Amino acid sequence: MNYRGPLRVRIDEKPMPKILHPQDAIVRVTRSCICGSDLHLYNGSVPDTRPGMTFGHEFTGVVEQVGGEVQKLKAGDHVLVPFNIACGKCVFCQQELYGNCHESNSQSTAVGGIFGYSHTAGGYNGGQAEYVRVPYADVGPTVIPDWMDPDDAVMLTDVVPTGYQAAEMGGIQKGDTVCVFGAGPVGIMAARCAWLFGAGRVIVIDEVDYRLEFVKNYAPAEVYNFRELDDVVQFMKKTTDWMGADVVIDAVGAEAAGNAMQTLLGRKLLLQGGSATALHWAINSVKKGGIVSIVGVYGPIDTLVPIGNVVNKGLTVRANQASVKRLLPRLIEHVKNGVLNPKALITHRIPLEDVSDAYRMFSAKLDNCIKPVLLPPSARNGR
Ligand SMILES: NC(=O)c1ccc[n+]([C@@H]2O[C@H](COP(=O)([O-])OP(=O)(O)OC[C@H]3O[C@@H](n4cnc5c(N)ncnc54)[C@H](O)[C@@H]3O)[C@@H](O)[C@H]2O)c1
Ligand SMILES: [Zn+2]
Ligand SMILES: [Zn+2]
């Protein structure tokens, strides 16, 4: 997959990736998803997204080759690769903040390295490809257990840990009302996981009916289409005895719809880093003293948010990129025990060669698409 500029991706032949450091591995990709985070790149909203880069931070693959210092992996291992690139040794990795590694992204002191995610996240090529170079191979990549379906495994590279962490950061107490903005794969998984933390009521809000229908059955959750509500915040207050939800999760990020002014300022005139509509709604519809958990992506550019309401309502705001490696042992157990069924979100299996159609479909939310998986030729031939 080769990014050519906003709304233009295509297939090109690129050189075979090479071991550049003794801790690298080269992985032959078996599955690679497109994520809502890729849409920010595709739309041209992430600074320093350079033509010629390959996206893809959610992939599984077979290890082809390892560098001289790699000890835990060997050729032939089938691995799932967390989207975070983390050194495993720095002060942040030591605290299991694998999304904030200090070594893997020299461009930033905020986010760590991410596969296929612009030079603001380190400039690494990603896994929407046949082969990919995986740095710090002893840290992130995890051998897929024999019993696990690779479709579940690829969902553990991002969607499942991100949804789970969204619920975890919400500090949900038994019986809490949890509202999730966004019914994409991440919001769907956040709603599902909210129950695991003891929620008493889970509400999901989006504008896409087929996604709301899915999450209504899958989480399960109460669902509302914000296009059918006069005022989302007013509605959330009304449905919670005028208190607000205990916990609100933003699973939308900087390309939210629903407010013409935000869209104009943030997405048309580029006077702020995208539209913060869902975050406004989250802050304004959570109860006083409540928690707003943000996993929706906001980039390095500033965005106007109602900070006064955060202060005067006494809110706690918690946010981060998911720390995939920290959560994997727990989530693998949840898949094993049938508590989570991640592969149910996969609606489309698309040849890698058709990547440009896949982006168009996922971006425009056509054909009831929830999660598309790209399959390179070798994976389709059963290797
Ligand atoms: N923090 C992390 O580690 C992490 C990891 C993965 C994805 N993300 C981010 O999470 C967000 C969701 O990812 P996804 O893959 O589910 O994306 P997606 O694009 O498939 O889903 C986003 C959904 O939000 C809906 N939406 C738009 N405006 C809304 C609004 N104002 N209120 C409610 N819903 C609205 C859209 O209709 C869409 O269904 C993205 O911003 C993505 O970048 C973060
Ligand atoms: Zn992702
Ligand atoms: Zn680190």
Side-chain angles (χ1 to χ4, degrees), residues 32-43 45-46 55-59 82-105 111-117 126 136 139-140 154-155 157-166 169 179-190 204-212 214-215 224-227 229 232 249-259 262-263 274-282 293-299 319-325 345 362-363 365 369-372:
S32 175
C33 296
I34 305 179
C35 175
S37 298
D38 292 322
L39 297 182
H40 310 311
L41 300 166
Y42 180 65
N43 293 335
S45 346
V46 181
F55 301 164
H57 56 270
E58 305 181 0
F59 58 93
F83 77 85
N84 326 106
I85 300 175
C87 77
K89 294 199 174 117
C90 71
V91 64
F92 301 105
C93 286
Q94 289 294 309
Q95 295 173 63
E96 297 193 302
L97 291 166
Y98 295 107
N100 313 99
C101 175
H102 211 49
E103 299 295 325
S104 60
N105 181 9
V111 74
I114 301 178
F115 287 99
Y117 214 77
Y136 307 109
V139 181
V154 76
M155 298 296 278
T157 62
D158 181 346
V159 171
V160 183
T162 302
Y164 186 91
Q165 186 170 316
M169 291 192 301
C179 174
V180 180
F181 285 105
V186 170
I188 293 169
M189 199 49 77
V204 179
I205 296 180
D206 199 297
E207 63 173 334
V208 180
D209 282 326
Y210 76 80
R211 290 184 165 199
L212 289 172
F214 183 92
V215 70
Y224 300 98
N225 185 326
F226 66 77
R227 296 281 171 203
L229 303 172
V232 176
I249 294 169
D250 172 352
V252 180
E255 289 182 286
N259 181 298
Q262 285 280 341
T263 302
S275 58
T277 304
L279 185 52
H280 272 250
W281 289 348
S293 164
I294 311 173
V295 285
V297 157
Y298 295 88
N320 208 345
Q321 300 285 338
S323 182
V324 177
K325 182 182 161 70
L345 274 64
F362 182 61
S363 163
K365 302 183 182 62
C369 184
I370 292 177
K371 193 73 179 171

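None of these values were measured; they are calculated from a predicted model. All ligand and atom numbering here is 1-based and tracks the order in the structure.
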**OP:** Report yes or no: does D38 have an N/O/S atom closer than 2.8 Å to the Zn ion (ligand 2)?
**Re:** no
Original post:
If you measure from OG on S45 to OH on Y298, what distance do you get to the nearest 0.5 Å?
Top reply: 12.5 Å
Subject >> The one among I370, I34, D206 that brings a heavy atom closest to atom 25 (C) of ligand 1 >> reply: D206
Original post:
Taking the Zn ion (ligand 2) as the vertex, how big is the angle to SG in C35 and OE2 in E58, rounded to 10°?
Top reply: 90°
Original post:
Just wondering, do Y136 and S104 contact through their side chains at under 4.5 Å, heavy atoms?
Top reply: yes
Subject >> Apex the Zn ion (ligand 3); atoms C93 SG and C87 SG; angle rounded to 10 degrees >> reply: 120°
Subject >> Under 3.5 Å donor-acceptor, N100 side chain and F92 backbone >> reply: no
Original post:
Can you tell me how far the CZ atom of R211 sits from the CG atom of D206, to the nearest 0.5 Å?
Top reply: 7.0 Å
**OP:** Have a look at Y224, F83, F226, Y210 and point out the one with the heavy atom closest to atom 30 (C) of ligand 1.
**Re:** F226
Original post:
Is any N or O atom of A257, backbone or side chain, closer than 3.5 Å to an N or O atom of ligand 1?
Top reply: yes
**OP:** May I ask you to check whether V297 has an N/O atom sitting below 3.5 Å from an N/O atom of ligand 1?
**Re:** yes
Original post:
Roughly how far, to the nearest 0.5 Å, is the CD1 atom of I205 from the OH atom of Y224?
Top reply: 8.5 Å
Subject >> Ring centres under 6.0 angstrom apart (H57, F83) >> reply: yes
Original post:
Can you find a non-hydrogen atom of G296 under 4.0 Å from ligand 1?
Top reply: yes
Original post:
If we only count N/O pairs under 3.5 Å, is R211 in contact with ligand 1?
Top reply: yes
Subject >> Backbone or side-chain N or O of G36 under 3.5 Å from ligand 1 N or O >> reply: yes
Subject >> Of the listed options V252, V159, D158, closest to atom 11 (C) of ligand 1 (non-hydrogen atoms) >> reply: V252
Subject >> Which atom of D158 approaches the Zn ion (ligand 2) most closely (N/O/S) >> reply: OD2
Subject >> Polar contact flag for H40 and ligand 1 (N/O pairs, less than 3.5 Å) >> reply: yes
Original post:
Going by distance alone, is a donor N or O of one side chain under 3.5 Å from an acceptor N or O of the other, for N259 and H280?
Top reply: no
Original post:
T277 to ligand 1: N or O pair under 3.5 Å?
Top reply: no
Original post:
How does K365 reach ligand 1, by side chain, by backbone, by both or by neither, if only non-hydrogen atoms under 4.0 Å count?
Top reply: side chain
Subject >> Donor-acceptor contact below 3.5 Å, side chain K371 vs main chain M155 >> reply: no
Original post:
Hey, is there an N, O or S on H102 sitting under 2.8 Å from the Zn ion (ligand 3)?
Top reply: no
Original post:
Does the N or O separation between P185 and ligand 1 drop below 3.5 Å for any pair?
Top reply: yes
Original post:
Counting both backbone and side chain atoms, is some N or O of V186 under 3.5 Å from an N or O of ligand 1?
Top reply: yes
Original post:
Is there a donor-acceptor pair under 3.5 Å between the side chain of D250 and the backbone N or O of V252?
Top reply: yes
Original post:
What is the SG(C90)-the Zn ion (ligand 3)-SG(C101) angle, to the nearest 10 degrees?
Top reply: 120°
Original post:
Does A256, backbone or side chain, put an N or O under 3.5 Å from an N or O of ligand 1?
Top reply: no
Original post:
Any chance the side chains of Q165 and S323 put a donor and an acceptor closer than 3.5 Å?
Top reply: no
Original post:
Checking N105 side chain against V111 main chain: does a donor-acceptor pair fall under 3.5 Å?
Top reply: yes
Original post:
Is any N, O or S atom of C33 under 2.8 Å away from the Zn ion (ligand 2)?
Top reply: no
Original post:
Will you find, in the side chains of N43 and E255, an N or O donor that is under 3.5 Å from an N or O acceptor?
Top reply: yes
**OP:** Drop me the distance from Y210's OH to K365's NZ, to the nearest 0.5 angstrom.
**Re:** 7.0 Å
Original post:
So is E255 close enough to ligand 1, meaning a heavy atom under 4.0 angstrom away?
Top reply: no
Subject >> Closest protein heavy atom to atom 12 (C) of ligand 1, given as residue, atom name and distance to 0.1 Å >> reply: A251 O, 3.2 Å
Subject >> From the candidates S37, P161, C33, the one that places a heavy atom nearest atom 8 (N) of ligand 1 >> reply: S37
Original post:
Mind checking whether F226 and W281 have parallel, tilted or perpendicular rings, split at 30° and 60°?
Top reply: perpendicular
Original post:
Would you say F362 and ligand 1 have an N/O pair spaced under 3.5 Å apart?
Top reply: no
